[in-house]
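Read through the structure below, which is laid out as structure tokens, and then see the notes.
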Amino acid sequence: MNDRLPHEKGFHVSWDQLHRDARALAWRLDGHGPDDGAWRAVVAITRGGMAPAMIVARELDIRMVDTISVKSYNHQEQTEPKVIKSPDMDVVGDGTGVLVIDDLVDTGKTIEAVRTHMPNAHIATVYAKPMGRPQVNSFITEVSQDTWIFFPWDMALQYVEPYRGKD
């Protein structure tokens, strides 16, 4: 019998792994923008999308970087998404030629809120869960819906019990 909570089925991502995966995302996106393959801007979904967006912007030499802040979690509990900071709409317009980057798509509700602001943006995430996967245009790694991803900014080094418990 498994008495673990869903968030205890953890996928731990180190800084090195996030960097490799974000670079892989950049390589996947390279040359696929609508303007002769180039992208006009990167918009990070804060906070989780900021690190991968910085890496993608660097790899693709995109200097126009902005953020959209969507609050959709209260600790580990997902709530209704709310845009609390928009990007410069004079720059991003309807999203044509804009890469919107996030760390993870879970249910897709955050992406839905972003699409109302930039319907033509290309949405890319490093990680995707099955429920949210249809909401993104590009991603690198899919994990199961019941997996909780522990990002490096959420972790400290410490001992953990083995997955199967003790003998």
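Residues take their numbers from the sequence shown, with the count starting at 1.
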*Starting from the C-alpha separation in whole Å, work towards a yes-or-no answer on side-chain contact (heavy atoms from CB on, under 4.5 Å) for V43 and L99.*
CA-CA 6 Å; V43 174; L99 280 173; over 6 Å; no
*Applying side-chain contact (heavy atoms from CB on, under 4.5 Å), run through Y127 and F151 and close with a yes or a no.*
CA-CA 11 Å; Y127 305 102; F151 288 100; 3.7 Å; yes
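Smallest separation of non-hydrogen atoms from A26 and E59: CB-CB, 3.6 Å. Scanning both residues, G95 and M118, for their nearest heavy atoms gives CA-CB, 3.9 Å. Looking at every heavy atom in both residues, V100 comes nearest to A121 through CG2-CB, 3.6 Å. Of all the heavy atoms in A113 and P81, the pair that sits closest is CB-CB, 4.2 Å. Across P87 and I68, no two heavy atoms sit closer than the pair CD-CB, 3.8 Å. Contact between G48 and W153 at its shortest, heavy atoms only, is O-CH2, 3.6 Å.
Take H19 and apply the side-chain contact (heavy atoms from CB on, under 4.5 Å) test, not counting sequence neighbours, and it matches R23, I55. Under the side-chain hydrogen bond (donor to acceptor under 3.5 Å, both in side chains) criterion, R20 pairs with Q17, not counting sequence neighbours. Considering only residues two or more places apart in sequence or on other chains, T116 meets the side-chain contact (heavy atoms from CB on, under 4.5 Å) condition with none of them. Among residues two or more places apart in sequence or in another chain, the side-chain contact (heavy atoms from CB on, under 4.5 Å) test is passed with A128 by V105, T125, R133, F139. Residues satisfying the side-chain contact (heavy atoms from CB on, under 4.5 Å) test with S138, not counting sequence neighbours, are L25, L29, H122, A124. Evaluation of the side-chain hydrogen bond (donor to acceptor under 3.5 Å, both in side chains) rule for N137 yields R115 as partners, not counting sequence neighbours. Under the salt bridge (charged side-chain N to carboxylate O under 4.0 Å, His left out) criterion, D61 pairs with R63, not counting sequence neighbours. Checked against ring-ring contact (aromatic ring centres under 6.0 Å, His included), W27 has no partners two or more places apart in sequence or in another chain.
The side-chain hydrogen bond (donor to acceptor under 3.5 Å, both in side chains) analysis of residues 32-47, with sequence neighbours excluded, yields the pairs T46-S69. Residues in residues 83-93 take part in these side-chain hydrogen bond (donor to acceptor under 3.5 Å, both in side chains) pairs, two or more places apart or across chains: D66-K85, T67-K85, S86-H117. Evaluation of the ring pair (Phe, Tyr, Trp, His ring centres under 6.0 Å) test over residues 83-110, restricted to residues two or more places apart or in two chains, returns none.
Of the residues V42, I45, D102, V126, the one that meets the side-chain contact (heavy atoms from CB on, under 4.5 Å) test with P52 is V126. Of the residues D106, D146, T107, the one that meets the side-chain contact (heavy atoms from CB on, under 4.5 Å) test with K129 is D106.
The hydrophobic clustering, which links ILVMFWY residues whose side-chain heavy atoms are closer than 4.5 Å, places W15 and F11 together. Residues I140 and V143 share a hydrophobic cluster, clusters being chains of Ile/Leu/Val/Met/Phe/Trp/Tyr side chains in contact below 4.5 Å. The hydrophobic clustering, which links ILVMFWY residues whose side-chain heavy atoms are closer than 4.5 Å, places I111 and V83 together.
Taking 4.5 Å as the limit, every side-chain heavy atom of V98 sits out of range of all side-chain heavy atoms of M64.
Atom CD1 of residue I123 and atom CD1 of residue I101 lie 8.5 Å apart, to the nearest 0.5 angstrom. Rounding to the nearest 0.5 Å places CD1 of I84 at 7.0 Å from NZ of K71. Between I149 atom CD1 and L104 atom CG the span is 4.5 Å, to the nearest 0.5 Å. Remark: M155 CE to H12 NE2 distance equals 6.0 Å, nearest 0.5 Å.
Relative ring orientation between F150 and W148 is described as perpendicular, the plane-to-plane angle rising above 60° on a 0-90° scale split at 30° and 60°.
Here the side chain of Q135 pairs no donor or acceptor atom with the backbone of K109 at under 3.5 angstrom.
A donor-acceptor pair shorter than 3.5 Å can be found between the side chains of T96 and D94.
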